[in-house]
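Quick note on labels: first sequence line is chain A, next is B, and so on, each numbered from 1.
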There are 2 protein chains.
Amino acid sequence: MKPTIVYGIGVEATIEVIGGKWKPIILCHLKHDTRRPSELKRLMPTITQKMLTQQLRELEDSGVIDRTVYEQVPPKVEYSLSTYGRSLEPVLELLCTWGEEHIDRRKTQFNENIILEHTEL
Amino acid sequence: MKPTIVYGIGVEATIEVIGGKWKPIILCHLKHDTRRPSELKRLMPTITQKMLTQQLRELEDSGVIDRTVYEQVPPKVEYSLSTYGRSLEPVLELLCTWGEEHIDRRKTQFNENIILEHTEL
DNA sequence: CAGTATCCTTTAGGATACTG
DNA sequence: CAGTATCCTAAAGGATACTG
C-alpha cells in the first residue's frame with residue numbers, strides 16, 4: 001500500500017514540480033524551443049553545471065521534460081517539454097509576462113536600473 | 001546612481017516576488033479572501049509562526065499584499081492582496097488549477113493516494 | 001559536449017521561548 | 001492574537017576537478 005499524501009491546496013503540488021530557483025527559468029527557456037545543455041548554460045550564465053544537470057534530471061523524473069540523446073561524437077543531447085509538460089505552457093507564459101510587467105513597473109514607478117536581456121541564440 | 005540589475009528572462013523577476021516554499025501558498029489563500037494570521041496558520045498547519053510572519057513581511061515589502069491593523073485588544077490583523085497584487089490573480093489561479101490536475105493525473109495514472117483538502121474556514 | 005563526483009558554503013527553514 | 005528573538009538543522013546551491 002502506497003503512503004497517503006495530503007495537500008492543503010493545489011498549488012502545493014505545482015511547487016513540488018516547478019518550484020525552486022532554477023526550474024521555472026529552465027522551463028521557460030524550453031517553452032518554445034528544444035534546447036541543448038550548452039544553450040541552456042549560455043542562457044543562464046550563473047547556473048553551475050551541477051545544478052543544470054540536477055534540475056534537468058528532476059524535471060525529467062517529474063515527467064515534464066524529455067531528454068533526447070543522439071548517439072554521436074561529440075555527444076549531443078536535447079531537452080524539450082514533454083507532451084505532459086506542455087500543459088505547463090500557459091503557466092510558464094504567465095510567469096514570464098508577469099515578471100516583464102513587474103520589471104516595467106519597477107523601472108517607471110521606482111526608477112530602478114533593470115536590463116532584461118531577451119536573448120535569442 | 002542605483003545599481004543595474006540584469007535579468008535573462010522575465011520569470012526571474014517573478015520568482016523573486018513569489019518564489020519559495022510558502023509564498024505561492026500564502027498568496028493562493030489570499031487570492032479570494034482577506035485572511036487573519038491565525039486563519040492562515042490553520043490553513044497551513046505545517047508552517048511555523050516565524051516563517052509565516054517572515055514571508056508575509058516580504059510579500060508586503062514587495063507590494064503585493066496589504067496589512068491592515070485594527071487597534072483593539074486582543075489585536076486583530078488582516079492580510080489581503082494589494083491592488084498591485086491582484087495582478088497576480090491569473091498566475092495564482094493557474095498555479096492552483098495545474099496542481100489540482102497534476103494530482104488527478106497522479107491518482108489515475110500512477111495510483112497514488114493523495115488527498116486534497118479544499119479547506120473552507 | 002554532456003555529465004559525475006567530491007567537498008564546501010550559504011541560506012532557507014524550524015524549534016522554542018517570550019512579549020505587548 | 002500577533003509578533004520577536006535566539007539558536008539550531010537541513011537543504012539548496014556552488015567550486016573544482018575529472019571522465020567517456
Exercise for the section: Classify the nucleic acid contact of B/Pro75 as base, sugar-phosphate or nothing, counting any heavy atom under 4.0 Å across all strands shown. Expected result: base

Handout entry: Point-to-point distance, once rounded to the nearest 0.5 Å, from CD of B/Glu100 to CD1 of B/Ile114
Key = 12.5 Å

Completion exercise
Picking from D/dA2, C/dA2, C/dG3, the nucleotide nearest the side-chain atoms of A/Arg57 would be C/dG3

Practice task
Name the closest nucleotide to the A/Met51 side chain, picking from C/dA2, D/dG13, C/dA15.
Solution key: D/dG13

Practice task
Taking the side chain as every heavy atom from C-beta outward, state whether B/Leu27 and B/Ile65 have any pair of such atoms under 4.5 Å apart.
Solution key: yes

Fill in the blank from the handout: Sorted by chain and residue number, the side-chain contact (heavy atoms from CB on, under 4.5 Å) partners of A/Arg57 (sequence neighbours excluded) come out as A/Thr53, A/Glu60, A/Arg67, A/Tyr79

Fill in the blank from the handout: Rounded to whole Å, the CG-P distance (A/Leu56 to D/dG13) equals 14 Å

Practice task
Find out whether B/Cys96 and A/Val11 are in side-chain contact, i.e. whether some heavy atom of one side chain is under 4.5 Å from a heavy atom of the other.
Solution key: yes

Completion exercise
To the nearest angstrom, the NZ-P distance between A/Lys76 and C/dG3 comes to 13 Å

Problem - Closest nucleotide among C/dG3, C/dG13, C/dC1 to the A/Tyr79 side chain - result: C/dG3

Exercise for the section: Answer yes or no: does a side-chain N or O of B/Thr53 lie under 4.0 Å from OP1 or OP2 of D/dA2? Expected result: no

Problem - Side chain to side chain, A/Glu58 and A/Glu16, heavy atoms closer than 4.5 Å - result: no

Fill in the blank from the handout: Quick note, A/Arg36 side chain, CB onward, closest among C/dG3, D/dC1, C/dA2 is C/dA2

Handout entry: Length of the line joining B/Gln49:CD and C/dG20:C1', which is rounded to integer Å
Key = 14 Å

Exercise for the section: Measure from CD on B/Gln54 to P on C/dA15 and round the result to the nearest Å. Expected result: 14 Å

Problem - Under 3.5 Å donor-acceptor, B/Thr14 side chain and A/Gly99 backbone - result: yes

Problem - Distance in Å, B/Trp22 CH2 paired with A/Glu12 CD, rounded so as to fall on 0.5 Å steps - result: 7.5 Å

Problem - Separation of D/dT4 P from B/Leu52 CG (nearest whole Å) - result: 11 Å

Exercise for the section: Specify the separation, in whole Å, of atom CG of B/Leu40 and atom C1' of D/dG3. Expected result: 14 Å

Handout entry: Nearest-Å distance for atom pair CD/C1', residues A/Glu71 and C/dG3
Key = 14 Å

Practice task
Let me have DNA chain C in dot-bracket notation, would you? Count Watson-Crick plus G-U wobble pairs, both distances under 3.5 Å, and use [ ] for pairs crossing earlier ones and | for inter-strand partners.
Solution key: ||||||||||||||||||||

Problem - A/Arg67 side chain near C/dG3 phosphate (N/O to OP1/OP2, under 4.0 Å) - result: yes

Exercise for the section: Check the distance between D/dA2's P and B/Ile47's CD1 and give it to me in whole angstrom. Expected result: 14 Å

Practice task
Report the nucleotide, chosen from C/dG13, D/dG13, C/dA2, that has the shortest atom-to-atom distance to any side-chain atom of B/Gln55.
Solution key: C/dG13

